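Working notes for the structure below.
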Amino acid sequence: MSSKSPEKQGLPPLIELSNLVKSYGQGDAEVRALGGVNLRINAGEFVAVIGASGSGKSTCMNVIGCLDRPTSGSFRFLGVEVTALDNNALALLRRHYLGFVFQGFNLLSRTSALENVELPLVYRRIPAKERRRRALLALQQVGLEDRVQHMPSELSGGQQQRVAIARAIVSEPSLLLADEPTGNLDSARKGEIVRLLGDFSRTRGITVVIVTHESDVARWARRIIQFEDGLVSRDEPNTPTES
């Protein structure tokens, strides 16, 4: 693998935001959640996005995740102008390039770990035998090969989040967005989950962006971006440390 950055190789950033604005409401009731954000994230980065409630970090991640549209400005994904895409194209982008991990796990309660992980591949119409192979491999990669037939209620919180991560990576996304992925976990499990996400970034080249308000989670990332009043107030490299 080349040690050159994507930009030095002539490749566009994975994510490029230019003067991105997101407003809600109109007139006197208008609230500007994003006030003109400029941001670049390259392929393979492991980034923590931090900020107080209402700072704009979650709004920005919703736009990057193609879950919301900006009011104005530019959002490019691998050089493609996302703001110009229709809803069908956005759905395809999410399905083929993005993976999501949420605080609440969002697992189907009456479905096994294996079937939960297979779900994104069902939407992509992958044949059943291949779905099973990929799902088993993903569960193995998160250390749950002995829990494939367990229901979510039979798993600990950390194990449920590992299933959620396996589900997010089974379709081999370019970008993994994790929204407060450790919010429901104890301190020991937090480290396990963030270390796992960092491993996927380092060994598989997946771009990982974690939205968190927890400084002990953010310190695992290799770059920290802080939002304040709808803008990026700090953007700096970080040397990950463990406790």
Side-chain angles (χ1 to χ4, degrees), residues 11-27 29-43 45 47 49 51 54-108 111 115-128 130-131 134-135 138 164-181 206-211 225 227 230-232:
L11 301 175
L14 184 75
I15 297 164
E16 185 172 16
L17 310 180
S18 301
N19 298 316
L20 199 77
V21 173
K22 178 61 182 181
S23 299
Y24 298 97
Q26 297 180 344
E30 181 181 8
V31 175
R32 179 166 286 196
L34 299 176
V37 173
N38 295 291
L39 180 64
R40 288 185 175 190
I41 298 176
N42 289 319
E45 287 199 80
V47 179
V49 178
S55 62
K57 66 182 188 301
S58 294
T59 300
C60 188
M61 292 307 101
N62 285 340
V63 171
I64 291 175
C66 301
L67 301 173
D68 201 357
R69 290 182 178 272
T71 304
S72 63
S74 173
F75 166 29
R76 291 183 177 272
F77 188 90
L78 288 173
V80 175
E81 183 57 62
V82 177
T83 59
L85 300 180
D86 62 21
N87 290 336
N88 288 334
L90 287 176
L92 288 173
L93 193 156
R94 287 193 299 269
R95 188 178 304 167
H96 291 277
Y97 291 92
L98 308 183
F100 297 90
V101 179
F102 302 98
Q103 178 178 347
F105 313 144
N106 290 4
L107 301 178
L108 299 179
T111 302
E115 291 167 324
N116 267 286
V117 175
E118 284 188 52
L119 192 59
L121 302 180
V122 173
Y123 294 140
R124 293 179 64 174
R125 300 181 180 180
I126 303 297
E130 178 65 10
R131 288 202 309 266
R134 294 190 191 183
I165 292 171
R167 181 184 58 191
I169 66 167
V170 73
S171 56
E172 301 180 349
S174 300
L175 172 64
L176 181 60
L177 291 171
D179 187 4
E180 300 285 1
I206 297 174
T207 305
V208 177
V209 178
I210 296 180
V211 177
I225 299 171
F227 273 75
L231 292 169
V232 174

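Side chains included, hydrogens not; waters and symmetry mates left out as well; all remaining heavy atoms used. Treat the numbers as computed from the prediction; the structure is a model and nothing was measured.
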Quiz item: How many angstroms lie between atom CG of L90 and atom SG of C66, to the nearest 0.5 angstrom?
Solution: 5.0 Å
Exercise. Evaluate the side chain to side chain contact (heavy atoms under 4.5 Å, CB included) criterion for residues L108 and E115: first the C-alpha distance (whole Å), next the side-chain angles of each, then the deciding distance (0.1 Å), finally the verdict.
Key: CA-CA 9 Å; L108 299 179; E115 291 167 324; over 6 Å; no
Practice problem: Could you tell me which residues satisfy ring pair (Phe, Tyr, Trp, His ring centres under 6.0 Å) with Y97, sequence neighbours excluded, listed by chain and number? | Solution: F77
Self-check item: side chain to side chain contact (heavy atoms under 4.5 Å, CB included) evaluation trace for Q103 with D179
Solution: CA-CA 6 Å; Q103 178 178 347; D179 187 4; over 6 Å; no
Practice problem: Kindly check if the number of other-residue, nucleotide or ligand heavy atoms within 6.0 Å of OH (Y24) is above 12? | Solution: yes
Quiz item: With side chains defined as the heavy atoms from C-beta onward, is the minimum distance between C60 and L17 less than 4.5 Å?
Solution: yes
Exercise. Drop me the distance from L39's CG to F75's CZ, to the nearest 0.5 angstrom.
Key: 10.0 Å
Exercise. Flag the pair V211 / S58 as yes when at least one side-chain heavy-atom distance between them is below 4.5 Å, and no otherwise.
Key: yes
Quiz item: Do L34 and V21 come close enough that some side-chain heavy atom pair is under 4.5 Å?
Solution: no
Practice problem: Indicate yes or no for a side-chain donor-acceptor contact from K57 to the backbone of G51 under 3.5 Å, with no hydrogens or angles considered. | Solution: yes
Quiz item: So, does D68 use its side chain to make a donor-acceptor pair with the main chain of T59 at under 3.5 Å?
Solution: no
Quiz item: Between the side chains of R69 and N62, does any donor sit under 3.5 Å from an acceptor?
Solution: no
Quiz item: Where is the tightest heavy-atom contact between G230 and V37, given as atom of each residue plus distance?
Solution: O-CG2, 3.4 Å
Self-check item: E30, CD atom: more than 12 neighbouring heavy atoms under 6.0 Å
Solution: yes
Quiz prompt | Closest approach of V232 to N38 (non-hydrogen atoms, all atoms of both residues) | solution = CG2-O, 4.4 Å
Quiz item: Nearest 0.5 Å, what's the OG-CZ distance between S171 and R134?
Solution: 8.5 Å
Quiz item: Nearest heavy-atom pair of I206 and P173: which atoms, and what distance?
Solution: CG1-O, 3.8 Å
Practice problem: Indicate the atoms forming the closest heavy-atom contact of V101 with A168, along with that distance. | Solution: CG2-CB, 3.8 Å
Quiz prompt | Separation of L176 CG from I210 CD1 (nearest 0.5 Å) | solution = 8.0 Å
Quiz item: Has the side chain of E45 got a donor or acceptor atom that lies under 3.5 Å from a matching backbone atom of N42?
Solution: yes
Practice problem: Take L175 and I15 through the side chain to side chain contact (heavy atoms under 4.5 Å, CB included) test and state the conclusion after the steps. | Solution: CA-CA 9 Å; L175 172 64; I15 297 164; 3.8 Å; yes
Quiz item: If every non-hydrogen atom of P70 is compared with every non-hydrogen atom of T83, which pair is closest and at what distance?
Solution: CG-CG2, 3.6 Å
Self-check item: Atom pair OG1 (T71) and NZ (K22), whose distance is rounded to the nearest 0.5 Å
Solution: 4.5 Å
Practice problem: Any chance you could lay out the side chain to side chain contact (heavy atoms under 4.5 Å, CB included) test for V209 and M61, step after step, and finish with the verdict? | Solution: CA-CA 9 Å; V209 178; M61 292 307 101; 3.5 Å; yes
Quiz item: Does the pair E81 and S74 meet the rule for a side chain to side chain donor-acceptor pair (under 3.5 Å), with working shown?
Solution: CA-CA 7 Å; E81 183 57 62; S74 173; 2.6 Å; yes
Quiz item: Distance from R131 atom CZ to L119 atom CG, nearest 0.5 Å?
Solution: 9.5 Å
Self-check item: Shortest non-hydrogen contact between I64 and L98, atoms and distance
Solution: O-CD1, 4.1 Å
